[in-house]
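Index from 1, following the sequence.
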Amino acid sequence: MSDEASRPDPAFGAPEPPAQDPPVTVPAGPRRLRNLLVVAFVIYVADLLTKIAAVHYIDPFDPISVVGDTVTLTLIRNPGAAFSMATGMTWVLTLVAIGVVIGVIKVGRTLRSLWWALGLGLVLGGALGNLTDRLFRSPGPLQGHVVDFVSVGWWPVFNVADSAIVCGAILLVALTVFGIEPDGSRANSGDSRANSGDVAESADAADPESTQDTESGTDRKEKRQ
């Protein structure tokens, strides 16, 4: 018998590779930079108008009572960060605010989650509001004092920009905890698909009979040849 006759027919001797499912493509959502900028613009305008009104109508030495002594409109000039923190680092806080604005806009260019757009828009609008005070109010550029005017109980006096920054930061933390990515996907979706693939591979490895049956069937076909 020649060597060619003793070779198994490739159609019967070689097992066909398993068919692979086509990759599942999830359509990407629309970019959310416009939504982010709209939220930031609304917060910025609201912060700017309320500060102008506070400076014009509130006497620093005569707070306006809203709810007794618990909620008042008290005008102060804050050289520090939100809620009167870090009052001796005005110029550093100005540079930090500029960095935050640049970073948020950079992230927002590829943003596809509406919730992330809302959170980052709140942070951006608040950062721009306080940054405007740092740049254009006295005593001078990079050292301007921020206008704060809302006093609630024992909480430090704040403004609209401070509230927006805090609310935006809380929302971003919640989105991170629940695994919602800036592109709108969930962080554990890829892990679950990988885990399902690992389970399938483990099941195949744990069932040697199927492999033996395939090999024995191939041997029988070769003997018949």
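- Rounding to the nearest 0.5 angstrom, the gap separating the CZ atom in Phe149 from the OG1 atom in Thr74 is 11.0 Å.
- Ala54 approaches Leu75 most closely through the heavy-atom pair O-CD2, 4.0 Å.
- Atoms CG and CG, from Leu73 and Asp148 in turn, are 12.5 Å apart once rounded to the nearest 0.5 Å.
- Each of Leu120 and Val42 belongs to its own hydrophobic cluster when Ile, Leu, Val, Met, Phe, Trp and Tyr are linked at side-chain heavy-atom distances under 4.5 angstrom.
- The line from CD of Glu181 to OG1 of Thr176 is 8.0 Å long, rounded to the nearest 0.5 Å.
- Between Ala161 and Gly126, the shortest heavy-atom contact is CB-O, 3.3 Å.
- Between the side chain of Arg186 and the backbone N or O of Phe178 there is at least one donor-acceptor pair closer than 3.5 Å.
- Note on Val173 and Val104: separate hydrophobic clusters, where clusters join Ile, Leu, Val, Met, Phe, Trp and Tyr whose side-chain heavy atoms are under 4.5 Å apart, directly or indirectly.
- Summarising the geometry, atom OG1 belonging to Thr94 is positioned 6.5 Å from atom CG belonging to Leu131; distances are rounded to the nearest 0.5 Å.
- A donor-acceptor pair is defined here as one N or O able to donate and one able to accept, closer than 3.5 Å; such a pair exists between the side chain of Trp116 and the backbone of Ile180.
- Under the 4.5 Å side-chain contact rule for hydrophobic residues, Leu122 and Val96 share a cluster.
- Put simply, CD1 on Ile98 and CG on Leu128 are 10.5 Å apart, with the number rounded to the nearest 0.5 Å.
- Of the candidates Val55, Thr50, Leu48, Ile52 forms a side chain to side chain contact (heavy atoms under 4.5 Å, CB included) with just one, namely Leu48.
- How far CG of Leu114 is from CG of Leu118: 7.0 Å, rounded to the nearest 0.5 Å.
- Between Arg31 and Thr110 the shortest side-chain heavy-atom distance falls below 4.5 Å.
- Listed here is the closest heavy atom pair of Gly129 and Asp47: CA-OD2, 3.3 Å.
- Transitive grouping of hydrophobic side chains (ILVMFWY, heavy atoms separated by less than 4.5 Å) keeps Val177 and Val123 in distinct clusters.
- Scanning all heavy atoms of the two residues, the minimum distance from Asn159 to Asn130 falls at ND2-OD1, 3.4 Å.
- Between Asn35 and Val39, the closest side-chain pair of non-hydrogen atoms is not below 4.5 Å.
- Within the 4.5 Å cutoff, no side-chain heavy atoms of Arg32 are placed close to those of Leu36.
- Closest approach of Ala164 to Ile43, counting heavy atoms only: CB-CG2, 3.5 Å.
- For residues 56-67, the set of pairs meeting the side-chain hydrogen bond (donor to acceptor under 3.5 Å, both in side chains) definition, not counting sequence neighbours, is empty.
- A single hydrophobic cluster is seen to contain both Val147 and Val152, as judged by linkage of ILVMFWY side chains at heavy-atom distances under 4.5 Å, directly or through other members.
- Counting only heavy atoms from C-beta outward, the side chains of His145 and Pro139 approach each other to under 4.5 Å.
- The shortest non-hydrogen separation linking Asn78 to Arg134 is O-NH1, 3.7 Å.
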